[in-house]
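Remember, predicted model here, so these are calculated numbers, not experimental data. As a basis for the values below, the full set of heavy atoms in this structure was taken, side chains included, without hydrogen atoms, waters or symmetry mates. Chain letters run A, B, ... following the sequence lines, proteins first, then strands; residues in each count from 1.
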Protein chains: 2
Amino acid sequence: MRDLDETDLEILELLMSDARRPWSDIAEIVDLTPPAVSDRVARLQEMGIIRRFTLDVDRSQLREGVPVLLTVTVHADRFEPVRETLLDAEAVEYAFTTAENDLLCYARVPGGDVPAWLSETLNKESVDDYDVTLLTGAEWTPSIGGTEFALTCAECGNTVTSEGVASRIGGDLYQFCCPSCETSFEEQYDRLEEATS
Amino acid sequence: MRDLDETDLEILELLMSDARRPWSDIAEIVDLTPPAVSDRVARLQEMGIIRRFTLDVDRSQLREGVPVLLTVTVHADRFEPVRETLLDAEAVEYAFTTAENDLLCYARVPGGDVPAWLSETLNKESVDDYDVTLLTGAEWTPSIGGTEFALTCAECGNTVTSEGVASRIGGDLYQFCCPSCETSFEEQYDRLEEATS
DNA sequence: AGTGAAAATCTCTCAGT
DNA sequence: ACTGAGAGATTTTCACT
């Protein structure tokens with residue numbers, strides 16, 4: 001799978017701000033022809049970078065229910081099914097997974113009866129504990145962050161993903177793709193320090 | 001401002017699943033002509049129901065930074081400026097406001113140095129306290145929930161918005177547009193109870 | 001608010017580089 | 001991967017209901 005170039009990111013940004021913008025419009029900005037833009041967008045869709053063309057809707061005006069943030073603690077074995085159950089629930093709009101395997105869901109509960117909705121939704125699911133926070137607002141600021149690109153592991157040179165770690169060593173910040181690369185780098189660094197002192 | 005009808009909701013649903021769908025396509029499904037659909041969409045945009053046509057992007061593939069959930073506690077006086085500062089920050093994608101005036105932000109921190117990013121971002125802002133949770137996943141499930149419609153205040157008949165409250169009185173759940181309607185309804189209810197006992 | 005038809009614009013296809 | 005041009009589809013405009 002070929003990597004993204006700056007033109008792809010520019011196209012993504014333009015479509016983020018207006019997904020109905022004509023290809024010809026984009027083509028002019030990124031200095032290509034309309035079919036070339038169309039091809040790139042098709043490729044971005046195939047790669048799964050673009051999941052879909054959609055709307056940013058102000059649901060508060062649709063009066064769809066009481067907005068809540070639901071924090072769910074669940075045993076690791078049951079994590080996947082619970083996550084899927086929640087994502088399938090009509091009321092759930094966002095689901096965040098924490099590093100400690102907790103689930104955070106933003107939902108709009110129809111009818112305002114949060115306890116009833118919860119027992120309906122999580123009924124057959126073995127949830128250890130949950131907590132509900134009432135929300136008064138939710139906002140979304142889509143942006144691609146055009147200046148931000150892939151990070152490179154200081155030890156092995158691979159691309160740093162969400163699994164990666166950052167560490168400040170000798171006053172400088174280094175990126176690593178995994179903790180073992182971090183350890184290797186630190187050992188190497190300490191050896192260098194000793195040798196030059 | 002005219003209320004939404006079922007055709008509007010149908011158009012919203014169709015555009016949520018594919019925002020580039022031709023008007024003619026939608027027109028056929030909702031039994032209108034293309035210009036009529038175009039007019040309705042324009043009206044939905046003017047009303048602010050449709051904020052924008054956009055993309056659902058799989059940001060995990062863009063390797064854009066370390067995903068975190070930031071919980072910020074801030075004095076009521078400083079709430080608005082802090083909220084705006086955070087929303088303006090490139091890294092912040094979502095901001096949820098709790099009923100207790102806490103802020104919850106989903107952000108992807110570039111470079112992975114979360115403490116540095118925080119001190120940069122919230123530098124001149126008087127934040128009482130904050131907490132950072134590392135996330136490993138974030139998902140979005142766009143859907144309109146076609147069966148869900150506006151709620152009506154049991155006291156005054158107005159539409160219940162996010163500001164509204166729900167209350168279980170005498171075993172039944174009632175919706176109110178505001179606390180004062182709730183109080184009026186309860187008093188009326190109690191008087192009826194006394195009269196019939 | 002919606003229709004119908006014409007004009008303008010956009011997208012798709014495909015042969016060629 | 002991209003271009004350029006032509007065919008086909010879509011959107012916009014506008015007079016009318």
Please round to 10 degrees the angle between the axis of the first five pairs and the axis of the last five pairs in the helix from C/dA1-D/dT17 to C/dT17-D/dA1.
-> 40°
N/O (side chain, B/Arg20) to phosphate O (OP1/OP2, C/dT11) under 4.0 Å = yes
Please state whether the phosphate of D/dT10, meaning OP1 or OP2, lies under 4.0 angstrom from any side-chain nitrogen or oxygen of B/Arg21.
-> no
What about A/Val68 and A/Leu87, same hydrophobic cluster or not, with Ile/Leu/Val/Met/Phe/Trp/Tyr joined at side-chain heavy-atom distances under 4.5 Å?
->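 Unlinked, A/Val68 and A/Leu87 end up in two clusters.
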Tell me which residues in residues 22-31 of chain A put a heavy atom below 4.0 Å from DNA chain C, sorted by number, or none.
-> A/Pro22, A/Trp23, A/Ser24
Set of side chain to side chain donor-acceptor pair (under 3.5 Å) partners for B/Glu80, sequence neighbours left out |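 In terms of side chain to side chain donor-acceptor pair (under 3.5 Å), with neighbours along the sequence ignored, B/Glu80 is linked to B/Arg83.
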Results of side chain to side chain donor-acceptor pair (under 3.5 Å) for A/Trp23 - residues two or more places apart only |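 Partners of A/Trp23 under the side chain to side chain donor-acceptor pair (under 3.5 Å) test: none.
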Spacing of B/Leu15 atom CG and B/Ile26 atom CD1 [to the nearest 0.5 Å] |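 The distance works out to 4.0 Å.
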Which distance, rounded to the nearest 0.5 Å, do you find between the CD1 of B/Ile29 and the OG1 of B/Thr7?
-> 12.5 Å
Please tabulate, for the side chains in residues 96-107 of chain B, all donor-acceptor contacts under 3.5 angstrom to protein atoms that are two or more places apart in sequence or on a different chain.
{"from": "B/Thr98", "atom 1": "OG1", "to": "B/Glu100", "atom 2": "N", "distance (Å)": "3.2"}
{"from": "B/Thr98", "atom 1": "OG1", "to": "B/Asn101", "atom 2": "N", "distance (Å)": "3.4"}
{"from": "B/Thr98", "atom 1": "OG1", "to": "B/Asp102", "atom 2": "N", "distance (Å)": "3.0"}
{"from": "B/Tyr106", "atom 1": "OH", "to": "B/Arg108", "atom 2": "NE", "distance (Å)": "3.4"}

Measure [atom1]/[X] against [atom2]/[N] and give the value in whole Å, please.
{"X": "B/Gln45", "N": "D/dT11", "atom1": "CD", "atom2": "C1'", "value": "14 Å"}
{"X": "A/Leu32", "N": "C/dT11", "atom1": "CG", "atom2": "C1'", "value": "16 Å"}
{"X": "A/Arg40", "N": "C/dT11", "atom1": "CZ", "atom2": "P", "value": "17 Å"}

Between B/Asp39 and A/Val37, just flag the one whose closest nucleotide in DNA chain D comes earlier from the 5' side.
->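 Between the two, 5'-proximity favours A/Val37.
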List the steps and the verdict of side chain to side chain contact (heavy atoms under 4.5 Å, CB included) for A/Val109 and A/Leu118.
-> CA-CA 9 Å; A/Val109 178; A/Leu118 275 171; over 6 Å; no
A/Ala36 has a side chain; which of C/dA1, C/dT3, D/dC2 sits nearest to it?
->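 Between C/dA1, C/dT3, D/dC2, the one nearest the side chain of A/Ala36 would be D/dC2.
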Using salt bridge (Lys or Arg N to Asp or Glu O under 4.0 Å) as the criterion, list what pairs up with A/Arg20, not counting sequence neighbours.
->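 Result, salt bridge (Lys or Arg N to Asp or Glu O under 4.0 Å) vs A/Arg20: none returned.
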